Amino acid sequence: MFVIGTAGHVDHGKSSLVRALTGINPDRLREEQLREMTIDLGFAWVTLPSGRDVSIVDVPGHEDFIKNMLAGVGGIDLALLVVAADEAVMPQTREHLAILDLMRIPRGVVALTKADLIEDPDWLDLVAEEVREAIAHSTLASAPIVPVSVVSGQGLEYLLTTIDRLLDEAKPRPDLGLPRLPIDRVFSIAGFGTVVTGTLTGGHLDIGDTVAIVPGDRAARIRGLQSHKTKVQRATPGMRVAANLTGVTVDDLSRGQVITVPGALAPTTLVDVYLQVIRDAPWPVRHSMPVEFFTGAASAGGRIRLLERDELEAGEEGWAQVQLSDPIAVARRDRFVVRMP
C-alpha cells in the first residue's frame, strides 16, 4: 500500500481536492471547519482506477502550522503539490517544495486547482510554466502538471489516473523485521481505549504483539489494528495504521513517539547528520546556531555543531551534529529537516 501527501500554500484547495477525490473530509477538527482552514493533519483514502487502494495525508498550508505539515510528510511515497491557478506559486508553495526535496520524496504530481476560475487558457500555460521553473531543481522536476476543478470536476479522473501510473513505478516498502510506527495522532475511543495512528515502515505488526514506545520507556500490547477503518490481523510496511493499545493511556503518549519492537530503538539527544542548506536560504547556517529538528512525526529544539567549518552558505553541504533539547527515536539514514526558530 502507498501513501500520498498533499503540499502547498494555504487556501490553494488541498483539502477541497482531497474531499473531491475521496468523498472524505480531511478537516476533522471543528475549528478547521469553522475557519475553513486546515490546522492539523487530515487523513483519507481512495481506490485508484487500477483497483489499488492508497492513503492520503492532508497537511496544513499556513505558515503558522508548518510543524504539523512536517509531521505528515515523512512516510509518503508520492507528493500531490497543489497550486491554485488564480494565484500561482506562493511562499508556502516554495517552502513545502523545499521540504519535499530535502525528504527526497521520489515522485509527485502538481494539481493546478481552481482551473474553473481561469477563462484565458494562456494564463494556465503561464502558471504551469512558473510551476515548472519552481520544481526544476527538486526531486519533483519531472512531475506532470494537471489542471483540475473541484467545482466542475475538470481533470479529477485524469489526476487519479496519473497518480496510478506514477505509483506503478514505486516499489513496495520492504519488510526488514524492524517495524516503526511514528505516532502522528493519539486519541481514545469509548469501549476500546487508547488508539494511535501513523504510517508503518520497516516491518509488520500483528494483533497481540508486545511493543515498545520510544522515547518513554513504556511497553504496550496491540489489541487491534485497522487500516482505512477496516480491521486487519497484520499491518504491513506502507500502511496507514490505527493501533488500539492496552497497557498505556492517552496521557502516556504523544505525537513523535515511535511504536516498535522491544530493544530495536534507543532514544537520543545527539544526532550526527549530513546537512544540505537549501538553495534559496536567506542566511547561512552557523556553528552553534539554534534550530528546530524534525524527523518522522517528531520534533525537538536543538543546536547545530558544524564539524568542518564555521558556516554553510545557501546550497552548501557538510557534516554536523545536532544537540537536541529532548530525546527522539531515530535510525541511521533517516531523513530530517532543520528549521531556524
Side-chain angles (χ1 to χ4, degrees), residues 1-5 28 41 43-45 52-57 71-77 170-268 294-300 326-336:
M1 189 175 292
F2 297 110
V3 180
I4 299 167
R28 54 187 170 80
L41 301 177
F43 307 102
W45 57 91
R52 169 194 287 133
D53 289 333
V54 294
S55 303
I56 300 179
V57 179
V73 299
I76 69 173
D77 302 287
K171 295 181 180 179
R173 294 178 182 260
D175 190 334
L176 304 176
L178 292 172
R180 287 196 289 165
L181 185 70
I183 298 174
D184 52 36
R185 190 180 171 209
V186 183
F187 54 97
S188 181
I189 297 179
F192 291 90
T194 304
V195 178
V196 301
T197 68
T199 301
L200 183 62
T201 63
H204 62 267
L205 292 172
D206 291 308
I207 294 176
D209 283 351
T210 296
V211 293
I213 296 99
V214 186
D217 193 28
R218 290 185 178 275
R221 187 177 65 84
I222 298 177
R223 179 183 180 185
L225 293 167
Q226 287 192 9
S227 183
H228 301 171
K229 293 191 176 182
T230 299
K231 293 181 180 180
V232 295
Q233 176 65 37
R234 167 173 289 186
T236 55
M239 274 188 175
R240 281 291 309 172
V241 179
N244 181 201
L245 303 178
T246 62
V248 289
T249 68
V250 169
D251 293 336
D252 296 327
L253 305 175
S254 61
R255 175 177 286 177
Q257 291 177 302
V258 178
I259 305 295
T260 186
V261 293
L265 284 177
T268 184
F294 301 87
T295 185
S299 64
D326 299 295
I328 61 172
V330 290
R332 191 168 182 262
R333 298 190 182 279
D334 280 356
R335 305 298 303 183
F336 66 95

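These numbers come from a predicted model, not from an experiment.
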Engineer: Among residues at least two apart in sequence or on other chains, which ones pass side-chain contact (heavy atoms from CB on, under 4.5 Å) with Leu178?
Structural biologist: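 Here the qualifying residues are Val261, Ala264.
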Engineer: Could you walk me through whether Ile207 and Lys231 pass side chain to side chain contact (heavy atoms under 4.5 Å, CB included), step by step?
Structural biologist: CA-CA 10 Å; Ile207 294 176; Lys231 293 181 180 180; over 6 Å; no
Engineer: Distance check, rounded to the nearest 0.5 Å: Asp184 atom CG versus Leu41 atom CG?
Structural biologist: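 Going from CG on Asp184 over to CG on Leu41, the span is 6.0 Å.
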Engineer: I need the minimum non-hydrogen distance between Leu265 and Ala329, along with the two atoms involved.
Structural biologist: CD1-CB, 4.0 Å
Engineer: Which residues pass the side-chain contact (heavy atoms from CB on, under 4.5 Å) test with Thr268, not counting sequence neighbours?
Structural biologist: Leu270, Val271, Val330
Engineer: With rounding to the nearest 0.5 angstrom, report the CD1 to OG distance, Ile76 to Ser55.
Structural biologist: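 Rounded to the nearest 0.5 Å, the CD1-OG separation comes to 12.0 Å.
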Engineer: Of all residues at least two apart in sequence or in a different chain, which pass the ring pair (Phe, Tyr, Trp, His ring centres under 6.0 Å) check with Phe336?
Structural biologist: Phe293
Engineer: Quick one: CE on Met1 to OG1 on Thr199, what's the gap to the nearest 0.5 Å?
Structural biologist: 11.0 Å
Engineer: Please name the pair of heavy atoms, one in Thr194 and one in Val248, separated by the smallest distance, quoted to 0.1 Å.
Structural biologist: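 The pair with the smallest heavy-atom distance is OG1-O, 3.0 Å.
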Engineer: Evaluate Phe43 against Ile56 for side chain to side chain contact (heavy atoms under 4.5 Å, CB included), listing each step before the verdict.
Structural biologist: CA-CA 6 Å; Phe43 307 102; Ile56 300 179; over 6 Å; no
Engineer: Nearest 0.5 Å, please: how far is CZ in Phe2 from CD1 in Ile4?
Structural biologist: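 Ile4 atom CD1 to Phe2 atom CZ measures 10.0 Å (nearest 0.5 Å).
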Engineer: Supply the atom-to-atom distance Leu200 CG to Thr236 OG1, rounded to the nearest 0.5 angstrom.
Structural biologist: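 Taking CG in Leu200 and OG1 in Thr236, the distance rounds to 7.0 Å.
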Engineer: Donor-acceptor pairs are to be reported for all side-chain atoms of residues 211-227 against protein atoms at under 3.5 Å, with residues two or more places apart or in another chain.
Structural biologist:
{"unit_1": "Arg218", "atom_1": "NH2", "unit_2": "Asp252", "atom_2": "OD1", "d": "3.4"}
{"unit_1": "Arg223", "atom_1": "NH1", "unit_2": "Phe192", "atom_2": "O", "d": "2.8"}
{"unit_1": "Ser227", "atom_1": "OG", "unit_2": "Arg240", "atom_2": "O", "d": "3.0"}

Engineer: Sequence neighbours excluded, which residues qualify as salt bridge (Lys or Arg N to Asp or Glu O under 4.0 Å) partners of Asp53?
Structural biologist: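 Asp53: no salt bridge (Lys or Arg N to Asp or Glu O under 4.0 Å) contacts found.
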Engineer: Please list all pairs passing the side-chain hydrogen bond (donor to acceptor under 3.5 Å, both in side chains) test where one or both residues lie in residues 200-216, with sequence neighbours left out.
Structural biologist: Asp175-His204, His204-Arg234, Asp206-Arg234
Engineer: Run the side chain to side chain contact (heavy atoms under 4.5 Å, CB included) check on Val241 and Leu181 step by step: do they pass?
Structural biologist: CA-CA 8 Å; Val241 179; Leu181 185 70; 4.2 Å; yes
Engineer: To the nearest 0.5 angstrom, please state how far the OG1 atom of Thr197 sits from the CD1 atom of Ile259.
Structural biologist: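 Those atoms lie 10.5 Å apart.
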